Amino acid sequence: MKKLIIIPAYNEQESIKKTVEDIIKNAPEFDYIVINDCSTDRTKEICETEKFNVVHLPVNLGIGGAVQTGYLYAARNGYDIAVQVDGDGQHDPKFLSKMAEFIEAEHADMVIGSRFINREGFQSSGARRVGIKYFTMLIKLLTGAKITDPTSGLRMVNREIIEFFAEEYPKDYPEPESVVAILRRKKKVLELPVIMRERSGGVSSISMKKSVYYMIKVSLAILIERIRK
């Protein structure tokens, strides 16, 4: 099976080299592609100097557009499995082989790496955990499925979902909304316990000032996704 790691990167000069080297060392059976989302720091220079596999976006598309570019690349190049690994060093590639075995053995459409099943490693801030629990309850209410880590970016999907995400993918804060999009299509979404790390560089796309906007916007997007035909 052809397996691809999608690495969205925006201003990750402090961590992108270590992230890619970690992937090459600990997930050698995966190909990878860095999606440089028009970074304004040295991310582009580092990727080119290190001869990483990279796509440079001409304008900043945000996390949703960058990840969708990765899915489009995966669809056009015949990959059977694709997984998002953030460029800030939070996601440990040692778990990717286990996730690939799990998605195939369970015939799942999506497998989410969850930090809240075994509660090991970095658990995020207290304020964010409140938000995560809120989205867990909202998704449970709307779909009947319990997703313990709905904002996790460490998500692996099969060929069918690769093709779907290449055509349709949320643009702003896509993780919870895209999970609902898969669930409402009666696809099989499972979680697997993983250990995440604190980010080693870069800046979160969700600042404290954006938290309220994030909660309202994503809640509305989830509701619309749930009721639309």
Side-chain angles (χ1 to χ4, degrees), residues 1-8 19 23-24 26-35 53 55 63-87 90-117 135-136 139-140 142-171 173-196 221-222 225-226 228-229:
M1 298 181 70
K2 291 184 65 178
K3 296 173 283 190
L4 178 70
I5 298 170
I6 299 166
I7 311 170
T19 296
I23 285 169
I24 293 171
N26 292 300
E29 70 274 28
F30 286 78
D31 296 334
Y32 74 88
I33 186 73
V34 178
I35 310 297
N53 304 324
V55 170
I63 182 63
V67 173
Q68 187 175 26
T69 300
Y71 283 123
L72 186 60
Y73 178 93
R76 289 181 175 178
N77 289 279
Y79 283 94
D80 303 294
I81 287 175
V83 58
Q84 177 184 335
V85 172
D86 291 345
Q90 288 191 84
H91 299 154
D92 191 339
K94 291 179 181 178
F95 290 96
L96 298 183
S97 294
K98 186 176 181 180
M99 290 177 72
E101 293 171 1
F102 188 66
I103 196 172
E104 187 175 4
E106 297 295 327
H107 303 287
D109 297 290
M110 173 185 283
V111 171
I112 300 171
S114 172
R115 74 201 97 175
F116 299 122
I117 296 176
F135 285 122
T136 293
I139 292 172
K140 174 70 172 179
L142 296 177
T143 70
K146 182 178 180 180
I147 306 297
T148 66
D149 202 349
T151 66
S152 171
L154 184 60
R155 291 143 8 117
M156 183 175 288
V157 300
N158 63 14
R159 175 70 189 182
E160 182 180 357
I161 306 304
I162 288 172
E163 293 177 349
F164 173 69
F165 281 163
E167 296 295 328
E168 293 187 39
Y169 198 73
K171 297 299 185 287
Y173 307 112
E175 286 83 7
E177 186 180 346
S178 59
V179 170
V180 173
I182 296 303
L183 288 170
R184 68 180 289 271
R185 286 167 175 79
K186 309 300 182 183
K187 300 303 179 183
K188 189 175 183 179
V189 179
L190 300 176
E191 291 186 289
L192 195 67
V194 299
I195 298 173
M196 292 192 186
I222 288 174
E225 175 59 43
R226 180 63 184 86
R228 74 171 182 157
K229 294 183 178 179

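Here the structure is a predicted model, which is why all the values come from computation and not from measurement.
With sequence neighbours excluded, the residues that form a salt bridge (Lys or Arg N to Asp or Glu O under 4.0 Å) with Lys187 are Glu160. Here Thr69 pairs with nothing under the side-chain hydrogen bond (donor to acceptor under 3.5 Å, both in side chains) rule; sequence neighbours left out. Residues passing the side chain to side chain contact (heavy atoms under 4.5 Å, CB included) test with Pro193, sequence neighbours excluded: Ile117, Asn118. Residues meeting the side-chain hydrogen bond (donor to acceptor under 3.5 Å, both in side chains) test with Glu177, sequence neighbours left out: none. Taking the ring pair (Phe, Tyr, Trp, His ring centres under 6.0 Å) definition, one finds that Tyr71 meets it with Phe165, Tyr169, sequence neighbours left out. By the side chain to side chain contact (heavy atoms under 4.5 Å, CB included) test, Val85 is found to be paired with Ile5, Ile23, His91, Leu96, Leu154, residues two or more places apart in sequence or in another chain being considered. In this structure, the side-chain hydrogen bond (donor to acceptor under 3.5 Å, both in side chains) partners of Glu29, at least two apart in sequence or on a different chain, are Ser97. Shown here are the side-chain hydrogen bond (donor to acceptor under 3.5 Å, both in side chains) partners of Asp92, two or more places apart in sequence or in another chain: there are none. Judged as a salt bridge (Lys or Arg N to Asp or Glu O under 4.0 Å), and not counting sequence neighbours, the contacts of Glu225 are Arg184, Arg185, Arg228. Shown here are the side chain to side chain contact (heavy atoms under 4.5 Å, CB included) partners of Leu142, two or more places apart in sequence or in another chain: Leu138, Ile222, Leu223, Arg226.
Listed by first and then second residue, the salt bridge (charged side-chain N to carboxylate O under 4.0 Å, His left out) pairs involving residues 66-86 amount to none (not counting sequence neighbours). Residues in residues 143-159 take part in these salt bridge (charged side-chain N to carboxylate O under 4.0 Å, His left out) pairs, two or more places apart or across chains: Arg115-Asp149, Arg159-Glu163.
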Task: Verdict with supporting geometry, Asp31 and Tyr79, side chain to side chain contact (heavy atoms under 4.5 Å, CB included) - done: CA-CA 10 Å; Asp31 296 334; Tyr79 283 94; 2.7 Å; yes
Open item on the list: The test is side chain to side chain contact (heavy atoms under 4.5 Å, CB included); show your working for Val83 and Phe30 and say whether it passes.
Closed with: CA-CA 10 Å; Val83 58; Phe30 286 78; 4.1 Å; yes
Task: Worked verdict on Ile147 versus Val189 for side chain to side chain contact (heavy atoms under 4.5 Å, CB included) - done: CA-CA 9 Å; Ile147 306 297; Val189 179; 4.0 Å; yes
TODO: May I have the step-by-step check of side chain to side chain contact (heavy atoms under 4.5 Å, CB included) for Ile161 and Ile182, ending in yes or no?
DONE: CA-CA 8 Å; Ile161 306 304; Ile182 296 303; 3.6 Å; yes
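The shortest side-chain heavy-atom distance between Val111 and Glu191 does not fall under the 4.5 Å cut-off. The closest side-chain heavy-atom distance from Pro170 to Gln68 is not below 4.5 Å. Residues Ile139 and Pro150 form a side-chain contact, since some pair of their non-hydrogen atoms from C-beta on lies under 4.5 Å apart. Using a 4.5 Å heavy-atom threshold, the side chains of Tyr73 and Ile6 count as separate. Two residues are said to be in side-chain contact when any heavy atoms from C-beta on lie closer than 4.5 Å; Glu104 and Met1 meet this criterion. Tyr32 has its side chain within reach of Ile24: a pair of non-hydrogen atoms, C-beta onward, lies under 4.5 Å apart.
For the atom pair CG (Leu190) and CE (Met156), the distance works out to 13.0 Å, reported to the nearest 0.5 Å. Atoms CD1 and CD1, on Ile35 and Ile33 in that order, are 5.0 Å from each other to the nearest 0.5 Å. Here Ile195 contributes atom CD1 and Gln90 contributes atom CD; the two are 14.0 Å apart, rounded to the nearest 0.5 Å. Here the CE atom belonging to Met110 is positioned 8.0 Å from the CG atom belonging to Leu183, to the nearest 0.5 angstrom. In this structure, Thr151 OG1 and Phe135 CZ are separated by 8.5 Å, a value rounded to the nearest 0.5 Å.
For Lys171, the NZ atom counts as densely surrounded, since its 6.0 Å shell holds more than 12 non-hydrogen atoms of other residues, nucleotides or ligands.
Scanning both residues, Ile7 and Gly87, for their nearest heavy atoms gives CG2-CA, 3.8 Å.
In this structure, the side chain of Ser114 does not engage the main chain of Thr148 through any donor-acceptor pair within 3.5 Å. Distance alone, capped at 3.5 Å, is enough to place a donor-acceptor pair between the Lys188 side chain and the Glu106 backbone. For Ser178 (side chain) and Glu175 (main-chain N/O), a donor-acceptor pair under 3.5 Å exists by modelled atom type. Using a distance-only test at 3.5 Å, with no hydrogens or angles considered, no donor-acceptor pair links the side chain of Asn158 to the main chain of Ile81.
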